[in-house]
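One structure below.
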Amino acid sequence: MSSRRSRSRQSGTSRISDDQIADLVSKLQQLIPEIRNRRSDKVSASKVLQETCNYIRNLHREVDDLSDRLSELLESTDTDSAQAAIIRSLLM
């Protein structure tokens with residue numbers, strides 16, 4: 001048993017069960033395209049967590065890129081136009 005789990009048990013805080021962890025890992029596995037699209041059903045929990053972190057990092061990059069593109073588009077449009085108002089609302 002890991003030291004974190006032992007400390008958690010000793011301090012009296014509630015502990016997440018192995019079944020709950022397995023269920024959460026399974027749910028993550030269904031959400032992450034890299035894993036969901038694999039033919040093999042057996043993927044380790046550590047691999048699921050690694051792929052989840054990678055996926056979240058990629059989503060952050062995409063959001064940043066799209067925000068930059070919207071900002072550039074806003075700078076190139078007339079600030080009083082309807083298009084500029086739509087772009088501003090997307091950036092808020």
Side-chain angles (χ1 to χ4, degrees):
M1 178 180 308
S2 77
S3 61
R4 278 193 305 232
R5 286 186 183 173
S6 333
R7 273 186 260 131
S8 175
R9 215 182 255 169
Q10 292 168 355
S11 66
T13 60
S14 63
R15 178 180 180 267
I16 188 167
S17 72
D18 290 342
D19 288 341
Q20 288 171 314
I21 291 172
D23 184 50
L24 292 170
V25 168
S26 176
K27 287 177 181 176
L28 280 175
Q29 191 172 355
Q30 295 305 311
L31 292 171
I32 307 302
E34 263 310 298
I35 298 171
R36 186 179 58 226
N37 296 335
R38 289 190 183 153
R39 296 185 191 274
S40 170
D41 288 337
K42 199 70 173 160
V43 179
S44 71
S46 66
K47 185 66 175 173
V48 171
L49 293 174
Q50 282 177 326
E51 291 295 335
T52 300
C53 290
N54 291 338
Y55 185 65
I56 291 169
R57 274 189 214 101
N58 287 336
L59 288 175
H60 277 285
R61 264 189 238 114
E62 282 185 50
V63 167
D64 289 343
D65 290 345
L66 290 171
S67 291
D68 290 344
R69 289 172 56 193
L70 277 173
S71 293
E72 289 169 8
L73 186 58
L74 183 58
E75 289 173 6
S76 69
T77 61
D78 178 19
T79 57
D80 295 330
S81 70
Q83 184 182 18
I86 293 170
I87 295 169
R88 271 194 299 281
S89 72
L90 291 172
L91 291 173
M92 301 298 164

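All values derive from a computational prediction rather than experimental measurement.
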#### Entry: Co-membership, hydrophobic cluster, residues Ile21 and Leu28, 4.5 Å side-chain
yes

### Query
Under a single-linkage definition using a 4.5 Å side-chain heavy-atom cutoff for Ile, Leu, Val, Met, Phe, Trp and Tyr, are Ile35 and Ile56 assigned to the same hydrophobic cluster?
no

### Task
Compare every heavy atom of Thr52 with every heavy atom of Val48, then report the nearest pair and how far apart it is.
O-OG1, 2.7 Å

### Query
So, for Tyr55 and Ile32, which heavy atoms are closest and what is the spacing to 0.1 Å?
CD2-CD1, 3.6 Å

### Query
Which pairs count as salt bridge (charged side-chain N to carboxylate O under 4.0 Å, His left out) when at least one residue sits in residues 70-84, sequence neighbours excluded?
none

## Note on the structure
Residues pairing under salt bridge (charged side-chain N to carboxylate O under 4.0 Å, His left out) where one sits in residues 43-62, two or more places apart or in two chains, turn out to be Arg38-Glu51, Lys47-Glu51

For the atom pair [atom1] ([X]) and [atom2] ([Y]), what is the distance rounded to the nearest 0.5 Å?
X     : Y     : atom1 : atom2 : result
Leu31 : Ser26 : CG    : OG    : 9.5 Å
Asn54 : Leu59 : CG    : CG    : 11.0 Å
Leu70 : Ile86 : CG    : CD1   : 11.5 Å

### Results of side chain to side chain donor-acceptor pair (under 3.5 Å) for Lys27 - residues two or more places apart only
Asp23

#### Entry: Pair Val43-Gln29, side chain to side chain contact (heavy atoms under 4.5 Å, CB included): steps then yes or no
CA-CA 8 Å; Val43 179; Gln29 191 172 355; 3.7 Å; yes

